[in-house]
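The structure appears below as structure tokens.
Computed from heavy atoms alone, side chains included, the values below leave out hydrogens, waters and symmetry copies.
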Amino acid sequence: MNGGDEVAAATPAGPPPALEWKFSQVFGERTAGEELQEVDIISAIEFDKTGDHLATGDRGGRVVLFERTDTKDHGGSRRDLERMDYPITRHPEFRYKTEFQSHEPEFDYLKSLEIEEKINKIRWCQTANGALFLLSTNDKTIKFWKVQEKKVKKISEMNVDPSKASSAPKPYLANGGCTDRLHNSPGNDFSIPAGGFPSLRLPVVVTSAETSLVARCRRVYAHAHDYHINSISNNSDGETFISADDLRINLWNLEISNQSFNIVDVKPGNMEDLTEVITSAEFHPNQCNMLAYSSSKGSIRLIDLRQSALCDSHAKLFEEQEAPGSRSFFTEIIASISDIKFAKDGRYLLSRDYMTLKLWDINMDSGPVSTFQVHEYLRPKLCDLYENDSIFDKFECCLSGDGSRVATGSYSNLFRVFGCSPGSTEATTLEASKNPMRRQVQTPSRPSRSLTTLTRVVRRGAESPGVDANGNSFDSATKLLHLAWHPTENSIACAAANSLYMYYA
């Protein structure tokens, strides 16, 4: 009998059941018929490491911060509250915290080039002394922000006794002086008592209990990129970060804004020999000497900063060989990786190209351990998608905190969640709306193309809606490019145009 129990206990558990996603919150939802403003379209989303804060950036150069409220009301972390048997709300809830203007539109007079204020990426840095720190970047300039609550200072006492002061404004001179002409003027009802004032009462500034949030730009990292910045990533050492453009990756120290080190340079001697560009870069979450970057040819390179100062040679190369006879005009375009993310433990790496999500084991460079089909139903329509430039859309991807699921966006404001545990067949399609299981096409809000014009010809054409795998109509103009997974819980934040939707399971 005991032997049978041992056999049953040794049987490996199956994959976790599929999650049932529910709507949690929406910020910035448009009312029916309300016109979408281009500057309000969200262009970046990022949770901090604790999951207690969420930041979004938009095309107007603003950064908006949200804070978690379901644990703050009790004054402790979720884990502490569970230990103390506090009643816990069933899912994370956030509220608006503050916003600030991170970037302004600029003009490069040397290149006669407009630099738009759109926030490309936001990354949270380590907190200190109750202040929040984060990096934000547009196409050319990275900024380091400190957001802190400061107590409001007020004046409690005034020089003039309110009981003797008139409601009418009086002409005073600097340093409390007055002239006979002013003092004796008919319109002045202020009089000096006999014997003068016994003492001069100076205004007293006191700190009130009220607080206000102040965002201050601590550093500006500029003039280091000739091409548009597509990625920034913090190092686990808490002191450095990288920034990547189409051809170079630079290493910065957070405290030094006037110099950076070029660690990757793929620019050929002759630009006509250029065959690929850098599309995304990210530091390893635990090992401060390792980072990965992806290319427009569908490859991912893992580099070790200990090998050499200029890391043009990679430690490992991850790429999937194309099937013989499958090559077409669109092969390289759809192979281009738009985003890469490390899993929390650093063992796995997730990449997103136009058609698929791929999960890689960094110890196995022979091929991906899992491939998830996202846009396979669009393969017959690649020509139309090329004509309207949708084929160049850059979709982001994310992993759950435990690494058991991955998610990415699609068209018609849909996003997809896949289970990546062994044996899992979970593949859920959700819509960014108050009813995530409903399919609808919202008002088109087509973002402008990002400018990776080095390796492609730009052709414009008419937008054409198509049909997805389930026979539902889809519109390539409504696209869900940006999303983020809460670091410790099954909660996803995603952007549909100017609206921030949050879901939990």
Side-chain angles (χ1 to χ4, degrees), residues 26-30 35-48 53-66 96 98-106 114-124 134-145 215 225 227-233 243-246 279-282 337-341 352 389-390 392-398 407-411 413-415 432 442-453 476-485 492-502:
V26 60
F27 297 95
E29 186 181 33
R30 274 180 294 156
E35 189 178 348
L36 173 67
Q37 300 297 321
E38 178 86 5
V39 294
D40 294 333
I41 295 175
I42 296 171
S43 55
I45 300 180
E46 186 80 3
F47 280 106
D48 71 349
H53 292 92
L54 173 68
T56 66
D58 64 26
R59 292 193 181 184
R62 292 171 304 233
V63 171
V64 182
L65 304 184
F66 301 89
Y96 170 86
T98 188
E99 68 180 83
F100 55 91
Q101 188 71 33
S102 173
H103 288 72
E104 301 279 359
E106 300 173 58
E114 284 187 20
I115 303 169
E116 61 180 349
E117 64 270 36
K118 185 188 92 166
I119 305 296
N120 289 344
K121 295 287 178 184
I122 296 173
R123 290 291 180 266
W124 289 91
L134 50 100
L135 289 164
S136 63
T137 184
N138 66 352
D139 285 337
K140 295 288 182 182
T141 306
I142 306 159
K143 294 186 179 182
F144 182 46
W145 291 91
H225 288 278
Y227 305 94
H228 290 181
I229 298 170
N230 56 46
S231 305
I232 51 175
S233 178
S243 58
D245 65 20
D246 291 334
T279 56
S280 183
E282 181 158 289
I337 294 173
S338 55
D339 192 26
I340 58 170
K341 292 276 172 36
R352 170 72 153 99
D389 288 342
S390 294
F392 303 110
D393 288 334
K394 293 181 170 16
F395 293 93
E396 293 179 2
C397 58
C398 58
T408 191
S410 182
Y411 293 107
N413 286 339
L414 301 177
F415 63 99
Q442 296 185 358
T443 309
S445 55
R446 184 185 171 190
S448 59
R449 248 180 15 259
S450 53
L451 296 173
T452 308
T453 55
S476 59
T478 50
K479 56 197 78 173
L480 197 151
L481 301 175
H482 311 286
L483 76 172
W485 201 302
I492 291 178
C494 57
N498 66 321
S499 302
L500 175 68
Y501 286 92
M502 305 193 74

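Scanning for side-chain contact (heavy atoms from CB on, under 4.5 Å) contacts around Asp58 gives Arg62, with sequence neighbours left out. Taking the ring pair (Phe, Tyr, Trp, His ring centres under 6.0 Å) definition, one finds that Tyr411 meets it with His375, Phe395, Phe474, sequence neighbours left out.
Using a cutoff of 4.0 Å between basic side-chain nitrogens and carboxylate oxygens, Glu282 and Lys341 are not scored as salt-bridged.
Between His53 and Trp124, some side-chain heavy-atom pair lies under the 4.5 Å cut-off. Taking the side chain as every heavy atom from C-beta outward, Glu396 and His482 approach each other to under 4.5 Å. Within the 4.5 Å cutoff, no side-chain heavy atoms of Leu54 are placed close to those of Leu65. Within the 4.5 Å cutoff, the side chain of Leu36 has heavy atoms near those of the Asn498 side chain. For the pair His228/Asp245, no side-chain contact is recorded, criterion being any heavy-atom separation below 4.5 Å from C-beta on. Put simply, the side chain of Leu500 reaches to within 4.5 Å of the side chain of Phe66, judged on heavy atoms.
Distance alone, capped at 3.5 Å, places no donor-acceptor pair between the Thr279 side chain and the Ser338 backbone. Between the side chain of Lys143 and the backbone N or O of Leu135 there is no donor-acceptor pair closer than 3.5 Å. With hydrogens and angles disregarded, no donor-acceptor distance shorter than 3.5 Å links the side chain of Thr137 to the backbone of Lys121.
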Trace of the salt bridge (Lys or Arg N to Asp or Glu O under 4.0 Å) decision for Asp339 with Arg352: CA-CA 5 Å; Asp339 192 26; Arg352 170 72 153 99; over 6 Å; no
Test side chain to side chain contact (heavy atoms under 4.5 Å, CB included) applied to His225 and Ser243, step by step: CA-CA 9 Å; His225 288 278; Ser243 58; 2.6 Å; yes
Chi angles and distances behind the salt bridge (Lys or Arg N to Asp or Glu O under 4.0 Å) call for Lys140, Glu106: CA-CA 10 Å; Lys140 295 288 182 182; Glu106 300 173 58; over 6 Å; no
Stepwise side chain to side chain contact (heavy atoms under 4.5 Å, CB included) check, Thr408 with Phe415: CA-CA 6 Å; Thr408 191; Phe415 63 99; over 6 Å; no
Intermediate values then yes/no, salt bridge (Lys or Arg N to Asp or Glu O under 4.0 Å), Glu38 and Lys118: CA-CA 10 Å; Glu38 178 86 5; Lys118 185 188 92 166; over 6 Å; no
CA sep, side-chain torsions, deciding dist, call: Ser102, Phe100, side chain to side chain contact (heavy atoms under 4.5 Å, CB included): CA-CA 6 Å; Ser102 173; Phe100 55 91; 4.2 Å; yes
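Side chains of Asn120 and Asp139: a donor-acceptor N/O pair is present below 3.5 angstrom, by distance only. In the model, Thr141 has no side-chain atom that pairs as donor or acceptor with a side-chain atom of His103 under 3.5 Å.
Considering OG1 of Thr56 and CD of Glu46, their distance stands at 11.5 Å, rounded to 0.5 Å. Of the inter-residue distances, the one linking Asp246 atom CG with Ile229 atom CD1 reads 10.5 Å to the nearest 0.5 angstrom. In this structure, CG on Leu481 lies 10.0 Å from OG on Ser43, to the nearest 0.5 angstrom. To the nearest 0.5 Å, atoms CG (Leu483) and SG (Cys397) are separated by 8.0 Å. In this structure, CZ in Phe47 is found 9.0 Å from CD1 in Ile492, a value given to the nearest 0.5 Å. Atom CE of residue Met502 and atom CD1 of residue Ile45 lie 8.5 Å apart, to the nearest 0.5 angstrom.
The shortest non-hydrogen separation linking Ala407 to Trp485 is CB-CZ3, 3.8 Å. Contact record, Ser499 with Arg30: OG-N, 4.0 Å, taken as the closest heavy-atom pair. Listed here is the closest heavy atom pair of Val63 and Ser136: CG2-CB, 4.3 Å. When all heavy atoms are compared, the tightest approach of Ala432 to Ala496 is CB-CB, 3.9 Å. Here the shortest heavy-atom pairing between Ala55 and Ile122 reads CB-CG2, 4.0 Å.
Centroid-to-centroid, the aromatic rings of Phe27 and Tyr96 stay 6.0 Å apart or farther.
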